[in-house]
Amino acid sequence: MPSTPKILPRRFFSRETTQVARELLGKLLLHSIDGEQRIGRVVEVEAYLGPADLAAHTSKGLTPRTRAMFGPPGHAYVYLVYGMHTCMNVVTEPAGTGTAILLRALEPVQNLASKTSGPGLLCKAMGITLQDYGRDLCSDDFHFAEDPAAQPFNIVARPRIGVDYAGEWAHKPLRFYMEGNKYVSRK
DNA sequence: AGCGGGATCCAT
DNA sequence: TGGATCCCGCTC
C-alpha cells in the first residue's frame with residue numbers, strides 16, 4: 001500500500017557528480033505547485049564537473065549567476081538560456097565545488113500536461129522557473145524520491161548536447177540516459 | 001552604458 | 001537551417 005515516499009536525502013547529492021548523475025536516473029522528481037503535485041521520472045541527465053570543465057558555467061568563476069552552483073548540494077541551480085527557456089540543475093558535492101547535474105528529460109508520471117523531453121520543456125511542464133533559483137531540493141514540496149515502481153534498465157553514456165565550444169570537454173561522455181526510453185530528448 | 005553570446009525549441 | 005528573445009558577463 002502507498003506510504004510516505006523515500007525522499008532522497010542531502011547526502012545523496014553530496015557525492016561524486018557522475019555517480020550521482022547515474023543514480024538519479026529512474027528517480028522521481030516531485031514538485032507541488034498550486035495545490036497539485038507534478039511528478040516525473042528522470043530519464044536523461046548531464047554532469048557538469050566544475051571550474052575545470054569548460055562546458056560548465058562555473059568555469060567562468062563565481063558570479064551572481066553561478067552562486068547557487070557553487071553552493072551546497074541538493075539545491076536547484078536554475079538559469080535562462082537563449083532568452084526564453086529555463087534549465088534546471090541539481091547541485092552536487094560539497095559547497096564550493098561548483099558541480100551540478102542538468103535535468104534533460106522526464107517520463108511523465110502525474111499531472112504533466114506538456115512535453116517533458118528537453119531541458120526547457122521539462123521546466124515548463126514541471127512549473128520550474130527562475131523563482132526556483134537556489135531552492136532546497138530536500139523540501140516537502142520540491143524533492144526527489146525513490147520510485148516504488150522502479151524497473152531495471154541500462155545506462156547509455158554519450159557526449160553532452162550543445163557544448164561544442166568546450167574543447168576536449170565537449171567529447172567526454174557525461175550525458176547519461178535510460179537505454180531505449182521513449183522520452184529521451186535525442187538519440 | 002553598450003555589446004555579444006548562449007547547457008533550446010520550433011517552424012521552414 | 002535560422003529566428004525568437006533576454007539575462008549575464010565582459011569591455012569600454
Side-chain angles (χ1 to χ4, degrees), chain A residues 13 16-25 27 29 31 38 40-93 96-108 112-135 137 142 144 155-178 181-187:
Chain A
F13 304 100
E16 196 279 323
T17 302
T18 60
Q19 181 68 20
V20 179
R22 289 171 158 274
E23 292 187 26
L24 206 52
L25 292 176
K27 298 298 191 291
L29 174 63
H31 188 207
R38 302 183 188 186
R41 180 178 293 109
V42 180
V43 299
E44 179 185 355
V45 298
E46 286 178 356
Y48 286 84
L49 303 185
D53 178 357
L54 294 181
H57 292 163
T58 45
S59 68
K60 303 299 183 186
L62 177 60
T63 68
R65 185 201 199 197
T66 59
R67 183 177 50 78
M69 191 166 161
F70 275 112
H75 288 251
Y77 166 50
V78 181
Y79 66 94
L80 187 71
V81 271
Y82 300 107
M84 56 189 82
H85 304 292
T86 54
C87 295
M88 163 157 176
N89 298 255
V90 185
V91 180
T92 57
E93 305 195 29
T97 310
T99 48
I101 296 165
L102 172 69
L103 302 183
R104 286 199 56 93
L106 302 177
E107 178 177 343
L112 294 180
S114 60
K115 293 182 192 173
T116 53
S117 299
L121 294 174
L122 176 161
C123 284
K124 181 167 177 275
M126 288 295 290
I128 296 166
T129 71
L130 287 178
Q131 303 289 5
D132 296 305
Y133 182 91
R135 277 194 65 194
L137 291 170
F142 201 17
F144 290 91
I155 296 175
V156 179
R158 291 284 183 272
R160 293 169 293 185
I161 303 292
V163 296
D164 292 343
Y165 56 85
E168 63 177 295
W169 285 88
H171 310 301
K172 295 181 185 290
L174 294 174
R175 173 179 176 236
F176 305 99
Y177 60 85
M178 274 193 194
N181 189 283
K182 168 186 175 183
Y183 294 93
V184 171
S185 66
R186 291 162 65 168
K187 296 178 185 176

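Environment of NZ in Lys115(A): sparse, with no more than 12 heavy atoms of neighbouring residues, nucleotides or ligands closer than 6.0 Å.
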Just list the side-chain donor-acceptor pairs under 3.5 Å for residues 48-56 of chain A, sequence neighbours left out, or say none.
unit_1   : atom_1 : unit_2    : atom_2 : d
Tyr48(A) : OH     : Glu46(A)  : OE1    : 2.7
Asp53(A) : OD1    : Ala55(A)  : N      : 3.0
Asp53(A) : OD1    : Arg160(A) : NH2    : 3.1
Asp53(A) : OD2    : Leu49(A)  : N      : 2.9
Asp53(A) : OD2    : Arg160(A) : NH1    : 2.7

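Nearest nucleotide to the side chain of Arg65(A), out of dC8(C), dA4(C), dC9(B): dC8(C). When distances run from any side-chain atom of Cys87(A) to the nucleotides dG6(B), dC10(B), dT8(B), the shortest one goes to dT8(B). Closest approach to the Met69(A) side chain among dG9(C), dA7(B), dT5(C) is made by dA7(B) (side chain taken as heavy atoms from C-beta onward). When the nucleotides dC10(B), dA7(B), dC6(C) are ranked by their closest atom to the side chain of Leu80(A), dC6(C) comes out on top. The side chain of Met84(A) lies closest to dT5(C), out of dT8(B), dG9(C), dT5(C).
Straight-line distance from the NE2 atom of His85(A) to the P atom of dT5(C): 10 Å, rounded to whole Å. When the P atom of dC10(C) is taken as reference, atom CG of Leu62(A) falls 11 Å away, rounded to whole Å. Atom-to-atom, NZ of Lys60(A) to P of dG4(B) comes out at 17 Å; the value is rounded to the nearest Å. Whole-Å rounding puts the Leu121(A) CG to dA7(B) P distance at 17 Å. Atoms CE (Met88(A)) and P (dT8(B)) sit 16 Å apart, rounded to a whole Å. Taking atom CG of Leu122(A) as the reference point, atom C1' of dC9(B) lies 14 Å away to the nearest angstrom. Across the protein-nucleic acid pair, Asn89(A) atom CG and dT8(B) atom P stand 11 Å apart, rounded to whole Å. Atom OH in Tyr79(A) sits roughly 9 Å away from atom C1' in dG6(B) (whole-Å rounding).
With hydrogens and angles disregarded, a donor-acceptor distance shorter than 3.5 Å links the side chain of Arg38(A) to the backbone of Ala125(A). Under a 3.5 Å cut-off, the side chain of Tyr133(A) and the backbone N or O of Ala68(A) do form a donor-acceptor pair.
No side-chain heavy atom of Arg186(A) sits less than 4.5 Å from a side-chain heavy atom of Arg158(A). The side-chain heavy atoms of Arg41(A) and Met178(A), taken from C-beta on, include a pair separated by under 4.5 Å. By the 4.5 Å heavy-atom criterion applied to side chains, Tyr79(A) and Asn89(A) are counted as neighbours. Within the 4.5 Å cutoff, the side chain of Asn181(A) has heavy atoms near those of the Glu107(A) side chain.
Near DNA chain C, defined here as any heavy-atom distance below 4.0 Å, there are no residues from residues 96-106 of chain A.
Here Thr63(A) reaches the OP1 or OP2 of dG9(C): one of its side-chain N or O atoms lies under 4.0 Å away. In this structure, Tyr82(A) does not reach the dG3(C) phosphate: none of its side-chain N or O atoms is under 4.0 Å from OP1 or OP2.
Note on ring orientation: taking the six-membered ring where Trp is involved, the planes of His57(A) and Tyr77(A) are perpendicular (angle over 60°, cut-offs 30° and 60°).
Under 3.5 Å, the side chains of Thr58(A) and Thr66(A) contain no donor-acceptor pair of N or O atoms.
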Legend entry - Canonical and wobble pairing (Watson-Crick, G-U, under 3.5 Å) of DNA chain C, dot-bracket with |: ||||.||||||.
